[in-house]
Amino acid sequence: MKQVADLTGITIKTLYHYHKIGLLEPSEVTEAGYRLYGKEQLERLQHILFYRELDFSLEAIQTILGERNNRYTVLMEQKVLMEKKRERINLILETINETIHFEERGKKMDEHKMFKGLNKEQWQEQMNEQNEYLNEHYEYEIPTDDITSNELDESARESQEFMSKMAFALKEGWSVDDERVKHLIAHHIDFINEHIMELDEKGFVESTWFFINDEFHKNMLEEQQIGLSYYLYAASVSYSE
């Protein structure tokens with residue numbers, strides 16, 4: 001265990017905690033009580049630490065890793081999330097450097113540049129491409145006026161977790177009227193109502209029907225799990241009945 005702690009920089013106490021909650025179990029515990037970790041456990045620990053860097057809770061990490069068997073898929077998802085985080089950090093660093101530049105010269109910085117990367121501007125830029133697509137094909141745009149960057153972070157994580165759980169349900173053969181599936185949908189709709197906008201069961205059915213008929217969004221779901229777009233729609237219809 002000490003070797004793993006030295007290798008990763010996390011404490012032995014943290015490793016004990018991960019083992020205790022079932023997030024990371026050692027490959028073997030010797031008679032002397034030593035916990036041994038093999039390649040598979042180290043790979044899982046790498047995923048855990050990546051998600052922690054992305055501010056995922058331990059509960060969320062445990063759920064995601066419990067549903068993901070393909071290491072490559074997990075890494076690709078983490079890569080996308082990390083790249084988005086890097087873009088935000090780079091934008092903030094750019095603002096810091098520019099601020100330092102003005103301070104060193106005793107000049108006042110344009111107030112409109114002082115908060116670049118710290119407000120919703122960066123998010124609107126990132127969502128422009130998708131909003132342009134939605135506006136062109138459906139005369140609709142994702143509302144962002146009252147959404148902060150932290151709220152968008154949280155929404156993105158919740159959406160990913162929901163889709164991951166639905167993909168897992170499909171893969172495991174859960175029927176669309178399974179109580180576990182209904183619970184997932186209910187929790188997701190509650191989150192949307194609390195954090196994004198008002199949405200009832202009928203509205204959720206309409207949004208899942210949109211995913212089937214729009215190639216851009218349908219492909220995103222099908223790349224995650226074949227049949228997910230249709231499964232999601234069927235589950236939403238079952239939930240609304």
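Each residue takes its place number in the sequence, starting with 1. These numbers come from a predicted model, not from an experiment. Below, each value reflects all heavy atoms present in this structure, side chains not excepted, and no hydrogens, waters or symmetry copies.
Between His19 and Arg35, the shortest heavy-atom contact is ND1-NE, 2.9 Å. Shortest non-hydrogen contact noted between Ile185 and Ala235 is CD1-O, 3.6 Å. The two residues Ala234 and Val176 make their nearest non-hydrogen contact at CB-CG1, 3.8 Å. Considering every non-hydrogen atom in both Gln41 and Ser27, the closest pair reads OE1-CB, 3.3 Å. In this structure, Ala169 and Tyr231 approach most closely via the heavy-atom pair CB-OH, 3.5 Å. For Arg52 against Tyr18, the heavy-atom pair with the smallest separation is CG-OH, 4.2 Å.
Distance CZ/Phe56 to OG1/Thr63: 11.0 Å, rounded to 0.5 Å. Remark: Glu222 CD to Ile212 CD1 distance equals 9.0 Å, nearest 0.5 Å. Taking CD from Glu94 and CD1 from Ile96, the interatomic distance works out to 11.0 Å, rounded to the nearest 0.5 Å. Annotation: the span from Ser159 atom OG to His188 atom NE2 amounts to 5.5 Å, rounded to 0.5 Å. Atom CZ of Phe211 is separated from atom OG of Ser229 by 10.0 Å, given to the nearest 0.5 angstrom. In this structure, Phe191 CZ and Glu161 CD are separated by 9.0 Å, a value rounded to the nearest 0.5 Å.
Cluster annotation: Leu184 is connected to Ile189 through the hydrophobic network of ILVMFWY side chains, with a link wherever side-chain heavy atoms come within less than 4.5 Å. Transitive grouping of hydrophobic side chains (ILVMFWY, heavy atoms separated by less than 4.5 Å) keeps Trp209 and Leu221 in distinct clusters. Met82 is connected to Tyr51 through a chain of hydrophobic side-chain contacts under 4.5 Å among Ile, Leu, Val, Met, Phe, Trp and Tyr, so both are in one cluster. Cluster annotation: Met166 and Val237 are assigned to distinct hydrophobic clusters (Ile/Leu/Val/Met/Phe/Trp/Tyr, side-chain heavy-atom contacts under 4.5 Å, transitive). Under the 4.5 Å side-chain heavy-atom criterion for grouping Ile, Leu, Val, Met, Phe, Trp and Tyr, Ile226 is not connected to Met76 through any hydrophobic cluster.
A salt bridge does not link Arg44 with Glu40: none of the charged nitrogens is closer than 4.0 Å to a carboxylate oxygen. Taking the charged nitrogens against the carboxylate oxygens, Asp178 and Arg180 do have a contact shorter than 4.0 Å, which makes a salt bridge.
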(message) Run Glu194 and Asp190 through side chain to side chain contact (heavy atoms under 4.5 Å, CB included) and show every step you take.
(response) CA-CA 6 Å; Glu194 183 177 352; Asp190 286 344; 5.9 Å; no
(request) Tell me, with the steps shown, if Gln78 and Leu75 meet side chain to side chain contact (heavy atoms under 4.5 Å, CB included). (result) CA-CA 5 Å; Gln78 291 179 320; Leu75 288 171; 3.9 Å; yes
(request) Step by step, work out the side chain to side chain contact (heavy atoms under 4.5 Å, CB included) result for Leu232 and Met163. (result) CA-CA 9 Å; Leu232 186 62; Met163 289 303 178; 3.7 Å; yes
(request) Please step through side chain to side chain contact (heavy atoms under 4.5 Å, CB included) for the pair Tyr233 and Asn213, ending with a clear verdict. (result) CA-CA 11 Å; Tyr233 172 69; Asn213 288 275; over 6 Å; no
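Counted within 6.0 Å of CD on Glu53, heavy atoms from surrounding residues, nucleotides or ligands total 12 or fewer; the atom is thus considered open. Surrounding NZ of Lys79 are at most 12 heavy atoms belonging to other residues, nucleotides or ligands under 6.0 Å away. Around atom OH of Tyr34, no more than 12 heavy atoms belonging to other residues, nucleotides or ligands sit under 6.0 Å away. The local environment of CD1 in Ile21 is crowded, with over 12 non-hydrogen atoms from other residues, nucleotides or ligands closer than 6.0 Å. Atom CD of Glu172 sits in a crowded spot, with more than 12 heavy atoms from other residues, nucleotides or ligands closer than 6.0 Å.
In this structure a side-chain-to-backbone donor-acceptor pair under 3.5 Å is missing from Glu201 to Tyr239. At distances below 3.5 Å, not a single donor-acceptor pair connects side-chain atoms of Gln225 with backbone N or O atoms of Lys171.
Contact check for Lys182 versus Glu179: side-chain heavy atoms found under the 4.5 Å cut-off.
Exactly one residue among Thr8, Leu15, Leu7 makes a side chain to side chain contact (heavy atoms under 4.5 Å, CB included) with Tyr37. That residue is Leu15. Just one of Leu49, Leu23, Leu54, Leu24 meets the side chain to side chain contact (heavy atoms under 4.5 Å, CB included) condition when paired with Ile61; it is Leu23.
Using the six-membered ring where Trp is involved, Phe162 and Phe204 have ring planes that are perpendicular, over 60° apart on the 30 and 60° scheme.
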